[in-house]
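Remarks on the structure that follows.
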Amino acid sequence: MTRHALSLLGLLALGGCGIDAAPVRVGADAPDARVVDLATGDTLSLTEHYGGQVTLVNIWATWCGPCKEEIPALDSLYRELGPKGLRIAAISIDTDDGEKVRDWIAPFNVAFDLLHDQTGDIQQVYHTTGVPESFLVDKRGRIMRIVYGAAPWTSTSNRRIVEELLAKDAGDS
């Protein structure tokens with residue numbers, strides 16, 4: 001079954017579950033979700049916390065091999081472009097408690113924000129088909145790019161896309 005068919009099945013399944021089923025697509029507003037900040041233990045709203053900033057929302061899990069491979073590239077991108085305003089919201093969907101997720105990722109010594117959604121609701125909110133999946137959000141809160149699977153975030157083309165978004169004002173289209 002194709003990713004498109006799986007996404008469509010996921011959308012149909014959401015019909016009666018009480019979760020906003022607005023399409024998650026390039027150009028659409030990024031959906032809000034509440035997740036736990038693993039650094040503080042506080043629950044935060046993605047929209048409130050990251051609003052007005054270029055944010056890469058990365059949905060991942062400790063048991064996912066491609067996620068593990070992608071972590072160094074995400075961290076490198078963040079260390080390079082974080083000072084220019086890039087935020088990375090890396091949301092673990094592990095059902096383990098936050099401490100186990102923190103312990104698992106500690107050896108990577110990442111600088112970006114580590115978040116956790118133990119319920120997995122983020123997968124329904126963002127209509128994911130697997131992990132990792134990433135959503136590049138501009139300063140206006142619109143999804144500008146969706147990446148299914150691990151991505152070479154340090155590639156010239158990916159850095160250029162992020163740099164272009166960082167250079168735009170929130171009012172630019």
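Note that the structure is predicted; figures quoted are calculated from it, not measured.
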Could you list the residues that satisfy salt bridge (Lys or Arg N to Asp or Glu O under 4.0 Å) with R87, not counting sequence neighbours?
D113
Pairing residues for E69 by the salt bridge (Lys or Arg N to Asp or Glu O under 4.0 Å) criterion, not counting sequence neighbours
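Here no residue qualifies.
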Sort and list the pairs that fulfil salt bridge (charged side-chain N to carboxylate O under 4.0 Å, His left out) and have at least one residue in [range], not counting sequence neighbours.
{"range": "residues 36-57", "result": "none"}
{"range": "residues 90-112", "result": "none"}
{"range": "residues 76-85", "result": "D75-R79, E80-R159"}

Sequence neighbours excluded, every pair satisfying ring pair (Phe, Tyr, Trp, His ring centres under 6.0 Å) that has a member inside residues 89-126:
W60-W104, W104-F108, Y126-F135
Kindly write out the residues that satisfy side-chain hydrogen bond (donor to acceptor under 3.5 Å, both in side chains) with [X], not counting sequence neighbours, or none if the list is empty.
{"X": "T154", "value": "none"}
{"X": "S45", "value": "D32"}
{"X": "T55", "value": "none"}

My understanding is that only residues two or more places apart in sequence, or in another chain, count here; which of them pass side chain to side chain contact (heavy atoms under 4.5 Å, CB included) with [X]?
{"X": "D29", "result": "R142"}
{"X": "R145", "result": "L136, V147, W153, N158, I161"}
{"X": "T95", "result": "none"}

